[in-house]
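Reviewing the structure listed below.
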Amino acid sequence: MRGLQLPLTQTQKVRLQRALEKLEALSTKANSNASVTVADTIPVNYEDGFLKGHGTTELNGEVVATVCGVVERVNKLVYVRTLRARYKPEVGDIIVGRVIEVAPKRWRLDINYSQDAVLMLSSINLPDGIQRRRTAEDELNMRAIFEENDVICAEVRGFQHDGLHLQARSQKYGKLQRGQLLSIPSYLVKRRKQHWHYLDEYGIDLILGCNGFVWVGEHVETKDEMLVDQADKPDSQTSKTNDHSTSLEGQEQTYTPLETRQNICRIANAIRVLSMLGFVVTIEVVMEVVNLGVSQNMDTHEMLGSEFCVLVAEREAERRSQKKNRG
Amino acid sequence: MEYVSPEGLRIDGRRPMEMRKLQAEIGVVAKADGSAVFEMGNTKVIAAVYGPREVQNRSQQLNDQALVRCEYSMANFSTGDRMRKPKGDRRSTEISLVIRQTMEACILTQLMPRSQIDIYVQVLQADGGTRSACINAATLALADAGIPMRDFVTSCSAGYLNSTPLLDLNYVEDSAGGPDVTIGILPKLDKVTLLQVPSDRIICQAFFMS
């Protein structure tokens, strides 16, 4: 938690302090003596041999940290996990990004990394869903797919010679509309099996991008590609007319009901509170915070107030202590 | 004017080899990747680091290392009489350059090729030694941003007045006209990365003798 700027009353201060102390007592002490700052010597066993990982360098035969963080050891590898740094992509990460430039055959995306990511025209699914070579015409129509400032969900494909490449080869990837983009520190989002979440009771999609960009938006039905293909094949003409009608419907459907909008704000505020307190954002914790807000009859805007913040901290301390007792 | 009293005390009551009170805080700018406020007595400096991020000007992009940029400015209210033009004059351009070179020497720039690191430093209160306070603040902000560095840079100024070497000059002592020097060292590597002596001030040989 960094520089919490909230007007707290005396009792709230005491309660927050107590909750934070409780959290600290619960945290594992295994790594507590392994924190280093820049230029600290890391003790290693020289006889066994070791591998220097990220955040370390060699100086006069000693292993020295180059960043502030926690020393991690995996077999012979010694590296320093930074406390705070920009997002570092790994192949297969689900990320949310914003288009900043439409370039020849590619889009450039801001993904909170030290370079812009590249999404090639050839590594996305075309809107018509047909697998084919990208023509010059496709290239001219790129703005019809993604424009500048569009928010996009994609997957990290890997590093190529000209930078970080992304891909979006599925129905679930692509443009995100009708929702909020939140930017939280990337270390608060842990890599998990599932980053898409459909909260059916609220009718909302939640995407926790590994790069710290979180999308909260209205739920969109993703068509199963296989089913669509099969349905289309028997009669291509009807499917064409269908396409037309869906686009018209699409224009009408841009209206999002008030309730859904309120739910979006509610969930977004829950994530804001969690990131303000520096708690890891997972779907379970987010839902717990949302439910806490509902059960306390908190208005959406009150969720960012100091009272709710203290409540969340207390609840989190309780949750972790229960988890520890069980485990 | 007497800068050191016969009892060996300076104007603000310090001993000649005594520093002013240091105070630092990190994480003061919410939107920045790293930030710090550094105080040396009444000198107060804020630093913010953005990056490593995409290079804004493509022609400046370096394929083997990161581009480090620095901007130094003084707030209008930082000095006794209000400043008209807080940045862009010769003095601040020079200090920007000094900070940039000092920080570039300790950042492991080769680890972040094709990216750019921006350091913004602003003096909030000026009371002598702004140069060294800025370097200290920039170091803290870089460490906060998680940017790999060889070592912390620590900096301080020193001067020579009334036949006494003085550490960490304040504004009155700095403007007294004696020789002064700003140094920056890498404590772990035991190396000097910055050594500045204003050429018009080298008037006293005894300074280097003592």
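Chain letters run A, B, ... following the sequence lines, proteins first and then strands; every chain starts at 1.
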Interatomic spacing from [atom1] in [X] to [atom2] in [Y] - rounded to 0.5 Å:
X	Y	atom1	atom2	result
R86(A)	I147(B)	CZ	CD1	9.0 Å
R84(A)	D33(B)	CZ	CG	7.0 Å
R53(B)	S114(A)	CZ	OG	12.0 Å
Q115(A)	M112(B)	CD	CE	11.0 Å
M149(B)	T57(A)	CE	OG1	13.5 Å
I107(B)	T66(A)	CD1	OG1	12.0 Å

[X] versus chain B, heavy atoms under 4.5 Å apart: side chain, backbone, both or neither?
X	answer
V80(A)	neither
L83(A)	neither
T41(A)	both

Top residue by heavy-atom pair count (under 4.5 Å) with chain B, among T82(A), D116(A), V67(A)? D116(A)

Give a yes or no on whether K21(B) atom NZ has more than 12 heavy-atom contacts from other residues, nucleotides or ligands under 6.0 Å away. no

Assess whether atom CZ of F50(A) is packed by more than 12 heavy atoms of other residues, nucleotides or ligands within 6.0 Å. yes

Answer with side chain, backbone, both or neither: which region of R150(B) has an atom nearer than 4.5 Å to a non-hydrogen atom of chain A? backbone

Does any heavy atom of chain A fall under 4.5 Å from the side chain of P187(B), the backbone, both, or neither of them? neither

Neighbourhood of chain B inside residues 89-102 of chain A, taking heavy atoms under 4.5 Å as contact: E101(A)

Taking every non-hydrogen pair under 4.5 Å, which of A143(B), A145(B), G51(B) racks up the most with chain A? G51(B)

